[in-house]
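The block underneath contains the structure these notes are about, expressed in structure tokens.
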Amino acid sequence: MMSDHEPEYQEPSRSQLRREALDVLKLAQTLAALSDAQLARVPLSDDLRAEVQRTRAVTQQIARKRQSQ
């Protein structure tokens, strides 16, 4: 039973999830647009760095958009 002092957990709204997904997409696009020197200064896991490299290797705009997502 919940007391009045404990906040009830509410799942994020669909709008909030969409905003967060768009923020992640913007971050992915920003990382892909960085120069090699700039990217080297960003602390990333090896897996994430590999994903950024794969995204940069895609040259067609629509394919790059899919890879970023």
Side-chain angles (χ1 to χ4, degrees):
M1 182 177 270
M2 303 277 301
S3 71
D4 292 337
H5 301 288
E6 294 180 39
E8 185 177 331
Y9 176 74
Q10 293 181 354
E11 291 187 26
S13 67
R14 287 180 62 192
S15 297
Q16 179 63 31
L17 292 174
R18 185 170 178 1
R19 283 190 297 272
E20 290 173 3
L22 288 172
D23 288 344
V24 170
L25 180 58
K26 281 187 213 174
L27 177 60
Q29 291 169 339
T30 300
L31 288 172
L34 293 176
S35 70
D36 288 336
Q38 291 170 320
L39 188 60
R41 292 192 301 262
V42 178
L44 297 173
S45 69
D46 291 340
D47 290 343
L48 187 53
R49 193 170 302 278
E51 285 299 323
V52 171
Q53 294 297 338
R54 272 194 288 276
T55 299
R56 292 164 121 198
V58 177
T59 56
Q60 292 182 337
Q61 183 62 29
I62 190 66
R64 178 172 279 191
K65 182 177 178 183
R66 276 194 310 268
Q67 182 67 29
S68 294
Q69 292 175 344

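In this text, all values refer to a predicted model and were calculated from it rather than measured experimentally.
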Within residues 13-27 or reaching into it, pairs that qualify as salt bridge (charged side-chain N to carboxylate O under 4.0 Å, His left out) - sequence neighbours excluded: none

Hphob cluster co-occupancy, L27 + L44, side-chain heavy atoms under 4.5 angstrom: yes

Nearest heavy-atom neighbours spanning L39 and R49: O-NH1, 3.0 Å

Nearest non-hydrogen partners of L31 and V52, listed with the distance: O-CG1, 3.8 Å

Greater than 12 external heavy atoms within 6.0 Å of Q38's CD: yes

Side chain to side chain contact (heavy atoms under 4.5 Å, CB included) against P12, all qualifying residues, sequence neighbours excluded: Y9, Q16, L17

Side-chain heavy-atom pair E51, D47 within 4.5 angstrom cut-off: no

